[in-house]
Amino acid sequence: LISASTDGLVCSWQLDMLAQPQEVIELTHPAHLRTDEVSVTCLDFADNETTAFVVGTAEGVAYQVNRYDRAGCKSGLNGFDAYRAHAAPINSLSFHPPAASDFTDLFLTTSSDWTMRLWRARTAAKPASTVPADVKPLHVFDAFDDYVYDARWSPVHPSVFASVDGTGRLALWNLNQDIELPAQSVTSGRALNKLAWDHPGRRIAAGGADGSVYIYDVGDLSTPRPDDHAKFTRVVAELAN
């Protein structure tokens, strides 16, 4: 179990001994003006990756973090490779789940700047940059009218994900159909700040600011067709170019 907090501490825990963490990493960035602490707001691991992960921060930048020293990489924050694009705190960060084709280097970030962004992560095995280098997003989604609180990939469809925002809208996106606008959306009337898919990818639970959990039936909108993986491979290649 990995936890992080806005004081810049990342802790590793054993579930049978939660009295104290097994490992503690203090994330610092010497280029920060007032303090070198990094205020972490969210994190996620890519599939099958246990030694490195990506954190979102209150400054609107995402960074790779290495848990251990290894060839070309020191433990802690890699401050040179910055996923820098948001103008407000990052509220969520979600890597693509494993699928028939490998898209597990893709991740989404949502932010209080009313946007959501799609990124391709640098491989953790590649040595870190020794000079500052900003990683550019593959795409910026700006069809929002409030804070974007969360986005999660479908567990079964490679190009489908859902997002929730401060207007109470749950939006279902299919990048094989449209990269600018969601395929379907519904509004609850209350701000929605968290979401989760069920394992078959047919229902979504969304947490609301009113303390309620809303269950949505996605039906077949998240059921992949035989050619969807190949289509999404082409979509990602076009965005990368």
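- Taking the side chain as every heavy atom from C-beta outward, R117 and H139 never approach each other to under 4.5 Å.
- With contacts defined as side-chain heavy-atom distances shorter than 4.5 Å, the pair I2/L43 qualifies.
- Of all heavy-atom pairs between Y216 and A206, the closest is CE1-CB, 3.9 Å.
- Once rounded to the nearest 0.5 Å, the distance linking OG1 of T28 with CG of L77 reads 7.0 Å.
- F45 has its ring centre no less than 6.0 Å from the ring centre of F95.
- Under the salt bridge (Lys or Arg N to Asp or Glu O under 4.0 Å) criterion, D44 pairs with no residue, sequence neighbours left out.
- Atom CZ of R203 has 12 or fewer neighbouring heavy atoms from other residues, nucleotides or ligands inside a 6.0 Å radius.
- When all heavy atoms of S222 and H157 are compared, the pair lying nearest together is O-CB, 3.3 Å.
- Side chains of V164 and N193 form no contact here, defined as non-hydrogen atoms less than 4.5 Å apart.
- In this structure, the side chains of H96 and F107 stay at 4.5 Å or more apart for every pair of heavy atoms.
- Taking the ring centroids of Y63 and H29, they lie under the 6.0 Å cut-off.
- Across all their heavy atoms, L192 and G168 have their closest contact at CD1-O, 3.4 Å.
- The salt bridge (Lys or Arg N to Asp or Glu O under 4.0 Å) search around D228 returns none, not counting sequence neighbours.
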Item checked: Working for side chain to side chain donor-acceptor pair (under 3.5 Å), residues S159 and N176 -> CA-CA 6 Å; S159 66; N176 282 350; 3.2 Å; yes
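- For the pair H229/D227, no side-chain contact is recorded, criterion being any heavy-atom separation below 4.5 Å from C-beta on.
- Counting only heavy atoms from C-beta outward, the side chains of V236 and R120 approach each other to under 4.5 Å.
- Aromatic ring centroids of W119 and Y83 lie under 6.0 Å apart.
- Contact annotation: the side chain of S163 approaches that of F144 to within less than 4.5 Å [non-hydrogen atoms, C-beta and beyond].
- Scanning both residues, S111 and A88, for their nearest heavy atoms gives OG-O, 3.2 Å.
- Residues T110 and Y149 have side chains not in contact (no heavy-atom distance under 4.5 Å, counting atoms from C-beta outward).
- The distance between the ring centers of F141 and W173 falls below 6.0 angstrom.
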Note to self: The test is salt bridge (Lys or Arg N to Asp or Glu O under 4.0 Å); show your working for D220 and R202 and say whether it passes.
What the structure shows: CA-CA 7 Å; D220 294 330; R202 299 183 64 86; 3.0 Å; yes
